Each structure stands twice: as C-alpha cells, then as structure tokens.
Amino acid sequence: MVRLYDSLSGTVRELRLRDPGRVSIYVCGPTVYDFPHLGHGRFTLVWDALRRWLSYTGLEVTYVSNITDIDDNIIARANRDGRTEAEVAGEYEDHWWKAMAAIGVARPTHTPHATEFVAAMVETISSLILRNIAYRTSDGVYFDVSRVADYGLLAGQPLESLRAGARVEMVLEKRSPLDFAVWKNAKAGEPSWPAPFGDGRPGWHTECVVMSLDLLGPGFDLHCGGMDLRFPHHENERAQASALDLPFAQHWAHNGWVMVGGDKMSKSLGNFTSLTDMLAQTDSRAYRLLVLRSHYRSPIEVTPTTVADAERSLERFDAMARRFDVPVHRSENFARSRELNWSEETLALLDRVGALLENDFDTPQAIATLFEALTVANAAADGGEMDRGRALAHAIGSLLAGLGLALRGEEKADIDGETALLVRERDEARAGKNWSEADRLRDELVARGWKVEDGSAGTIIRR
RNA sequence: GGCGGCGUGGCCGAGCGGUUAGGCAGGGGCCUGCAAAGCCCCGUAGUCCGGUUCGACUCCGGACGCCGCCUCCA
C-alpha cells in the first residue's frame, strides 16, 4: 500500500482509499491568464508521475484538475489587452494544454472549468449564508473563519497566531482580516452570474471545493497542489467543506518549489521561465527526469545547466533502449512486467523499485536504483550475457514508463540517399583499412548532424 | 512577530547512527584502426561549535547563513 506524507497530520501515512482499488485525486490547476512557467511544469509532472504510477500498480485512478477561467488576473489581462475574459482564458488554456502535451502529462480524467460550475457554487454559498457562516458586505460575501473550530490546521498554526501575522489589507466590513471572499459582487464591465445574494462571480477558494466535491464526491482520497496553496487556499477549501459538514480530502500532498538561484520561482518575483520556452530548446523528457531525480517535496534548481545534465543522463537510458531493443511501453503495468520479467534478478528490481515508490514516492532512490541496474545490464551484455542484460533493460524500461518516461529506442530516422551513400562509402573504406578516408567520411556525417558509431555490422548513424 | 524548511564532494541531488546513494562534469585504464557507445578504477563531502553515543553527515542544543508560508501565486 502506498504511504505518502500528509500535510494535515504532518506524517507519512498510508493513503487509505475510500473505494478499494480506486483512487480519487484532485490537483489544483492553473489560472489561465499567462503562459505556463517551470513551476507549473513541476507540479504537473510530479502529480502526473504519481497518477501514472498508481495506475501502473493496477489502481483505477480518477484524476481531476481544474482550469480557473475567471478571476482578477484574467480580468486585468482582458482589460489591458482590450479583449474579453473568455478570449484571454481560451487562449492561455490552449497554451496550457500544448505545454502539457509537450512534457507528456496525461490529460486528467476531468478538467472542470470554474465558469461551468457557478450554479453549484451559488448553492454552496447560499448554504453558508443560511448557516450564518458567510456574511454579506458591500463588495461581496465573506467566509467567517472563526466559525471553523480547527481553522489553521493545514497552516500548522492556530487562528490567533495567523491573525496576528495577517498582512491582508483590512476591509472595514470584514469581521477578521483572515475572512475570505467566497463571492465578489459584479462590477461594471466584468463578467457576472446571477445569485440571490447579488450578481457577481465566485471566489477562488470556493471554486475548488465545489468542483472537487462535485466530481469526486465527499471524502475523496487525495488533494494535491503546490506548497504555496497549503495556506490559505487549501485551508479555505477545507473550512468551507467543514462548515457544511461535508467530508473532504482524506489526504493532502504538496510539492516543493522550483528555485532560481536560491529563490522561489514566482510570478511576483518575476524570475520565471516559461515552460514553452524551455521546451523549445531541450528534450522535454529531461525535465521529467530532473523532477523525478529529486524528491517531490524538496525544492529543485531548474537551470540550463541542470536540465542539460538531466538530458545527458537520459541519453544513457536511451542508449540502453537501443542496445537491448527495449519496446516503447504504452499500456504496461506492474503485474504484467512481473509476469514477463520472471528472472530472480528482474523480479527483485521491480519489487525494490515498487517498494521505494510506495514509501512516500521516493523517486530519487528509484531512479538511482534504475541507474545501478542499467550498469549491471550493460556489464552483463559486455560479458556475453545478452539475455540477462535484455531482461533487466526491459524491466527498467517498463518501470520508467510507469513513471511516464518513455525511452527512445531505435528510431527509424529518414536517411536520404546521399547520406546512405556516405555510410556505404565509409564501410567500404573501413573494409579496405583506408582509415583516413573513413575518418573523413565520418566527419562529413557528423557535419550533417548525425551521431556516428561503429557497430559489428558497420556504421550506425542516428540523429 | 508567528509557523515551517534548508545548509552534503566541481555542479545537481538522496537515504542512513557504524557498511557505495545516484547522475553530470573531471582524471586513469580496458575495448576500438582512431573515435563513439559500453565496462572497470579514482576524488573519500556533509556551514560552525558543543553534547549524547563504543561510534554521527545522520540524534539533541546553540551559533551563523539561506529559503518559504502567514497577501495573488504551483
């Protein structure tokens, strides 16, 4: 059974499932008003890898991740660009999915848009008002945090201490600086929806609690997001569910930051790199390997250096895939791999990596183990034990695929006639021990962008 | 001010009270016509100061430094 750190209890504990064999996961998605940056890339890769792994082990995963398509930032952007909010949201949502596809993040089971759930949000807010937990002011409806007994649990601080440090601008009509807007009254020119308590639009914290409960039902298993969502966003989601006596997420998981020279990458610091830009110049799989190589709760440095580093180490796995002709695993799973790889050695590898991942998703140890196994596989093959090497390589490829990392095996590169001729000439030169001519032809091929290796059957080229 | 985290070899980055993390880069060797790929060997790191212990990078205390959350933020 998978054990994961739970931010609410502060301990690594078993991820208990509401329905045996099925996992329900909600991950807070993006607000679409700008290009995705590396931080978005990390959280989507981390939770996508977890999702894939759980699925690989045989669980049926329902994975929900929202798109926030109405909020202050979108309105600001629309005003600045002289466009409608829907146009802005639509454009950046397109960029979002393109980037997700590029880094190999699987489409969530459901991708709810906030604007599609406003009616349900209005109902929730009405209930809160009815219970006297939310109250109306001149600019909207606010949630009274003092009405939730354990408010501050996710923040790890009691209400009083949070209140003391509150940096929120005090709005006169708010009862506490920590009270948050569940509804914002309509302003001229802004999109709005009808509601008995006044036309307007929903607050961010209400969106996620409504959509997660609506699609996954009460008491769903796991709620994930970046560390900064822990408070106040997740705390406020919890508070609303709690105020309405609805069982909420049973387990909370938060991923660490992308760091830039020691600082958190963030919009407000302006030190972010667009995910789209980075993908344009690197093998997108390198970012996944970089993410998996460190623990999901640790901060990671993402710089051209660390990405290039990951790219080179990825090349070793790809070389293995070529050498042993590892198939691209698509619908692979753990049980099937155990059946296929029934040597003692490969079973041990599968089980060891499985055990590591079940221990708070210890991907760095898992990856290290796979690198070690890679060396063993190559050494075995070098020593003449080709079958042994191949069995290990296939197990490695399957496990990596289980984490969403597809190896690049033998590619059927398009070799034009001219290049093919150079290869043939080089093989002839080598056969005739005409080394200077063979080297000249190799240089020629390299100049044309090919990587050249001498195999037992002659010159091997690839891009 | 409150709460939390971090400080590891050239770089990235882990687990662990005593036994090799791993990757990248670098050096030496094997293989190769030469390369490439692959294999083998190598640097024996843990901010500082105390303490606990037979033994600490790993536990405790302190100092210094850095970061995050308490405001929109993945």
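Just so we're clear, the structure is a prediction, and the values are computed from it rather than from any experiment. Proteins come first, then strands; the chains are lettered A, B, ... in the order of their sequence lines, and each starts at number 1.
- Residue contacts shown for His233(A) are absent, as no nucleic acid heavy atom lies under 4.0 Å away.
- U8(B) and G43(B) have their C1' atoms separated by 15 Å, with the value rounded to a whole Å.
- Across all strands shown, Glu301(A) has heavy atoms under 4.0 Å from sugar-phosphate atoms exclusively, and none from any base.
- On the C1' atoms, U44(B) is 14 Å away from A21(B), given to the nearest whole Å.
- Within 4.0 Å of Glu160(A), counting heavy atoms only, lies no atom of the nucleic acid at all.
- When the C1' atom is compared between G62(B) and C12(B), the two are found 31 Å apart, to the nearest whole Å.
- Nucleic acid contact for Arg426(A): base, since at least one base atom lies under 4.0 Å from a heavy atom of the residue.
- Using a 4.0 Å heavy-atom cutoff across all strands shown, Gly165(A) reaches at least one base atom of the nucleic acid.
- Separating the P atom of G9(B) from that of A14(B) is a span of 13 Å, rounded to the nearest Å.
- In this structure, Cys28(A) and His234(A) approach most closely via the heavy-atom pair SG-NE2, 3.3 Å.
- Distances shorter than 4.0 Å separate some side-chain N or O of Arg316(A) from OP1 or OP2 on G23(B).
- In the interface, the side chain of Lys267(A) is not paired with the base of C72(B) through any donor and acceptor atom under 3.5 Å apart.
- Applying the 3.5 Å distance criterion, the base of A14(B) shares no donor-acceptor pair with the side chain of Arg293(A).
- Between the side chain of Asp382(A) and the base of C31(B), no donor-acceptor pair under 3.5 Å is found.
- Under the side-chain contact (heavy atoms from CB on, under 4.5 Å) criterion, Val376(A) pairs with Glu345(A), Arg388(A), Leu392(A), sequence neighbours left out.
- Using a 4.0 Å heavy-atom criterion, one finds that Asp454(A) contacts the bases of the nucleic acid, with or without backbone contacts as well.
- To the nearest whole angstrom, the two P atoms, one in G23(B) and one in C73(B), are 40 Å apart.
- With pairs defined as Watson-Crick or G-U wobble and both atom distances under 3.5 Å, the stems of at least three pairs that touch RNA chain B come out as B:1-7 with B:64-70, B:10-12 with B:22-24, B:26-30 with B:38-42, B:47-51 with B:59-63.
- Within 3.5 Å, no donor on the side chain of Arg163(A) pairs with an acceptor on the base of C70(B), nor the reverse.
- As judged by a 4.0 angstrom heavy-atom cut-off over every strand, Ile300(A) is placed among residues touching the sugar-phosphate backbone only.
- If you check every strand for non-hydrogen atoms under 4.0 Å, Ile367(A) touches nothing.
- Ring to ring, Phe220(A) and Phe248(A) are close: their centroids are under 6.0 angstrom apart.
- Among the heavy atoms of the strands lying under 4.0 Å from Gly225(A) are primed sugar atoms or P, OP1, OP2 only; no base atom is included.
- Rounded to the nearest 0.5 Å, atoms CZ (Arg51(A)) and SG (Cys224(A)) are 12.0 Å apart.
- Counting heavy-atom neighbours within 6.0 Å of Arg352(A) CZ, excluding the residue itself, gives a total of 12 or less.
- Put simply, NE2 on His205(A) and CG on Leu229(A) are 10.0 Å apart, with the number rounded to the nearest 0.5 Å.
- Using a 4.0 Å heavy-atom criterion, one finds that Pro36(A) contacts no nucleic acid atom at all.
- Proximity of Arg323(A) to the phosphate of G38(B): no side-chain N or O atom is located under 4.0 Å from OP1 or OP2.
- One P atom belongs to C67(B), the other to A56(B), and the distance between them is 32 Å to the nearest Å.
- Considering only the side chain of Ala438(A), G33(B) comes nearest among G33(B), C39(B), G38(B).
- When distances run from any side-chain atom of Asn378(A) to the nucleotides U71(B), C73(B), C39(B), the shortest one goes to C39(B).
- Nucleic acid contact class of Arg297(A) (heavy atoms, under 4.0 Å, all strands): none.
- A distance of 4.0 Å separates OG1 in Thr459(A) from CZ in Arg426(A), rounded to the nearest 0.5 Å.
- Using atom P as the reference point in both A45(B) and G10(B), the two lie 10 Å apart (nearest Å).
- Looking only at distances, a side-chain donor or acceptor of Thr363(A) sits under 3.5 Å from a matching main-chain atom of Leu292(A).
- Both stacking criteria are satisfied for Trp435(A) over the base of G33(B): a centre-to-centre distance under 5.5 angstrom and an angle between ring planes under 30 degrees.
- The closest donor-acceptor contact from the side chain of Asn185(A) to the backbone of Gly200(A) lies at 3.5 Å or more, if one exists at all.
- Among the heavy atoms of the strands lying under 4.0 Å from Asp263(A) are primed sugar atoms or P, OP1, OP2 only; no base atom is included.
- Distance noted for atom P between G15(B) and C3(B): 26 Å (whole Å).
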